[in-house]
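Hydrogens, waters and symmetry mates play no part in the numbers below; they use all other heavy atoms, side chains included. Naming: A, B, ... by sequence-line order, numbering from 1 per chain.
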2 protein chains.
Amino acid sequence: MELQEKLHNKGLRLTYPRREVVAILNAAASPLTPQSIYQRSVERKSDIGLVSVYRTLELLSELDLVRRVHGHDGCHGYVLASPGHHHHLVCRKCGKAVEFSGSADLSDFIAKIQKETSYKIDEHILQLYGICPKCQKERH
Amino acid sequence: MELQEKLHNKGLRLTYPRREVVAILNAAASPLTPQSIYQRSVERKSDIGLVSVYRTLELLSELDLVRRVHGHDGCHGYVLASPGHHHHLVCRKCGKAVEFSGSADLSDFIAKIQKETSYKIDEHILQLYGICPKCQKERH
DNA sequence: TTCCTTATTGAAAATTATTTTCAATAAGGA
DNA sequence: TCCTTATTGAAAATAATTTTCAATAAGGAA
Ligand SMILES: [Mn+2]
Ligand SMILES: [Mn+2]
Ligand SMILES: [Zn+2]
Ligand SMILES: [Zn+2]
C-alpha cells in the first residue's frame, strides 16, 4: 500500500517533511539515522526540522513503510521497506545495504526452536554482514 | 576463555567495577542497557560509576565476553556471552531471553545469499521474538 | 610485605541524542 | 475560498554518551 493511501486511511496528511524523509531514504544506499537524514535535508536545502524527522520515522515505522536495520557494532538506522518481509545484508566497509528474502528457508528452523523452548515465536530479525563487491576490489 | 585470563593477556586488570558488571549481567534474565546495569549496581550498593559501566561494556565487547541483543522496537542491551556462537530468543512481554545455537542450519542459506549478492558474508545476527512460556499463561 | 608503575576509576563538564511544549502554519475537505 | 485541525519547527527540557583529569588501586618487582 502506498504512503498516500495509508496516511489517508488514518486521517493523516501528506506533508512536505514527510515527502522529503521518504525521498531521502529512497535515494540512500545504506541505513540512515535520524541525524543523517536531517543532514541530507539540509544539503538538499529542504527546510525540514530535525523534530519532524523523528516524528516521521516513528510514523513510517507504524505504517510499516520503514524498517530498522541494526549495525553490527553501533546502533540502528532506517531503510525504506519494500513490501513484504525482507532481511538486509550490510557492507561493513561502506554501509551499502541490499535486501534479500527467504523466510521460507528459516521457518523449519524457527519451528524447531519454538518446540525446544516453548516460546511462541512470532517475529524475527536476520541480518547479514560482509563486504560488498565494490569494497572487495579496493586495496587497503 | 575466562575474563581473568583475557584481561591478563592484554596487561589489563581485574577490578571491582569489572567484576560487578559481570556479576550483574550474570544474574540478569534479560538484556540490560548501560543505564539499567548502573541502576542495579546502585541497588546492590556497589559504588561503581556509570562511566565505568560504559567502559566495561566496551571492553567486554572487544573481549567477546558480552553480546549485544537488539530489542525488536527500541535499541539494544547486553547479555553475557557464553562461549561459541549463539543467538537469542527474547520475550516481547517480560524481556526474558534464552540462547539457542544452530548456525549449521543457516550456513546453506547464507551461502546461497552470498552467491546471489556477491557480497563476502562473514557475520550475522539472528534474533527471534515471541512470548515466553510464563507470559503465555498469564491472562490479560 | 612493601614499593613502584601505570591501568583504572569516578566526579564533573562537555557533547550529542531525543522528547516535550506550544504558538504559528498549511493540508485538504466542505 | 474558507474552515478545521493535523502538523510543523523553534526553543526548552531531558536523557544518553563521551571526554577530561586528578586521585586511586591493581598487581608485578624487589
Ligand atoms: Mn540497535
Ligand atoms: Mn525473515
Ligand atoms: Zn561496501
Ligand atoms: Zn515473558
So, for [X] and [Y], which heavy atoms are closest and what is the spacing to 0.1 Å?
X	Y	result
A:Cys94	A:Cys132	SG-SG, 3.8 Å
A:Tyr129	A:Gly71	OH-C, 3.8 Å
B:Thr56	B:Arg18	OG1-CG, 3.8 Å

Interatomic distance, [X] [atom1] vs [N] [atom2] [rounded to whole Å]:
X	N	atom1	atom2	value
B:Ile37	D:dA16	CD1	P	14 Å
B:Gln35	C:dA17	CD	P	16 Å
B:Gln4	D:dG27	CD	P	7 Å
A:Tyr54	D:dT14	OH	P	18 Å

For DNA chain C, please output the secondary structure as dot-bracket, reading 5' to 3'. Pairs are Watson-Crick or G-U wobble, both atom distances under 3.5 Å; mark crossing pairs with [ ], other-strand partners with |, unpaired with a dot. ||||||||||||||||||||||||||||||
Counterpart residues, side chain to side chain contact (heavy atoms under 4.5 Å, CB included), relative to B:Ser101 (two or more places apart):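 By the side chain to side chain contact (heavy atoms under 4.5 Å, CB included) rule, B:Ser101 matches B:His86.
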Mark up nucleotides 3-11 of chain C, 5' to 3', with B wherever a protein heavy atom is under 4.0 angstrom from a base atom, S wherever such an atom reaches only the sugar-phosphate, and - elsewhere. ---BBSBBB
Residues [X] and [Y]: side-chain donor-acceptor under 3.5 angstrom:
X	Y	answer
B:Arg67	B:Tyr78	no
A:Ser41	A:Glu20	no
A:Gln35	A:Tyr54	yes

OP1, OP2 of C:dA27 versus side-chain N and O of A:His8: anything below 4.0 Å?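 Answer no for this pair, as no side-chain N or O of A:His8 is under 4.0 Å from OP1 or OP2.
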Test of understanding: clusters of I, L, V, M, F, W, Y form through side-chain heavy atoms closer than 4.5 Å, transitively. Do B:Leu25 and B:Leu65 belong to the same one?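 Yes; B:Leu65 is reachable from B:Leu25 via cluster members.
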